Structures are given as structure tokens and as C-alpha cells.
Amino acid sequence: METSQQRKIRELLEEHEGKNESSDTSLRAHALEHTAEDYVPKTLTPYEWEQWYAEHGVPESHRKPMPAAKTRSSLWQRALRFFARR
């Protein structure tokens with residue numbers, strides 16, 4: 001038979017455990033996250049990336065083209081274009 005105090009303690013512990021699962025920042029939680037099938041590492045050497053792509057394929061997030069950087073021409077290039085028009 002469970003007393004009211006024991007019931008309250010059990011409910012608080014269950015509530016506390018439910019909250020920590022999603023926000024667990026422990027080393028164990030990070031290690032488990034890395035074992036997930038869809039986990040993509042963030043930092044590898046070029047050689048390690050080649051191996052990883054060979055084993056797992058290229059993830060969709062790595063296939064998206066990077067937005068084109070707007071490069072601004074140098075002052076000299078702009079001056080030459082300006083005088084070439086005249």
C-alpha cells in the first residue's frame with residue numbers, strides 16, 4: 001500500500017524524468033544522439049568526410065547549393081568599366 005507522501009514523491013519523480021528527457025545535455029545523451037541512424041557529424045577532416053560519404057551517402061543537407069556570394073568588384077575594375085563606357 002502506497003501512502004499519500006510516497007504517491008506525491010513518485011508523481012514528482014515521474015514528472016521530473018519526463019521533462020529531462022527532451023532537454024538532457026549529459027555526455028550520455030550526446031553519445032546516444034551520435035548513434036542515431038540519421039545523425040550527420042558536424043566536423044570531420046576531408047578524408048573522414050570521404051569515408052563517411054562512402055559508407056552513408058551524401059545527406060540532403062550537404063547537397064543544397066550554397067547561396068551565391070555577391071562579390072563586389074574592386075575600385076580599379078569599376079573605374080576601368082566607367083572609363084571604357086566613355
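Only this structure's heavy atoms are used, side chains among them; waters, hydrogens and symmetry mates stay out. Everything quoted here is computed from the prediction, not taken from an experiment.
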Keeping the roles fixed (side chain from Gln51, backbone from Glu48), state whether a donor-acceptor pair exists under 3.5 Å.
no

Keeping Glu14 on the side-chain end and Glu11 on the backbone end, is there a donor-acceptor pair under 3.5 Å?
no

Quick one: pull up NE2 in His34 and NZ in Lys42 and give me the separation to the nearest 0.5 Å.
6.5 Å

Side-chain heavy atoms under 4.5 angstrom apart, residues restricted to Ile, Leu, Val, Met, Phe, Trp, Tyr: same cluster for Tyr39 and Leu32?
no

Spatial distance of atom NZ (Lys8) from atom CD (Glu2) [nearest 0.5 Å]:
12.0 Å

Rounded to the nearest 0.5 Å, what separates atom NE2 in His30 from atom OG1 in Thr35?
13.0 Å

Above 12 or not: heavy atoms from other molecules or residues under 6.0 Å from CG of Leu27?
no

Just say parallel, tilted or perpendicular for the rings of His62 and Tyr53, cut-offs at 30° and 60°.
perpendicular

Can you tell me how far apart CG (Leu80) and OG (Ser73) are? Round to the nearest 0.5 Å.
10.0 Å

Can you classify the ring geometry of Trp52 versus His56 as parallel (below 30°), tilted (30 to 60°) or perpendicular (above 60°)?
tilted

Can you tell me how far the CD1 atom of Ile9 sits from the OG1 atom of Thr3, to the nearest 0.5 Å?
7.5 Å

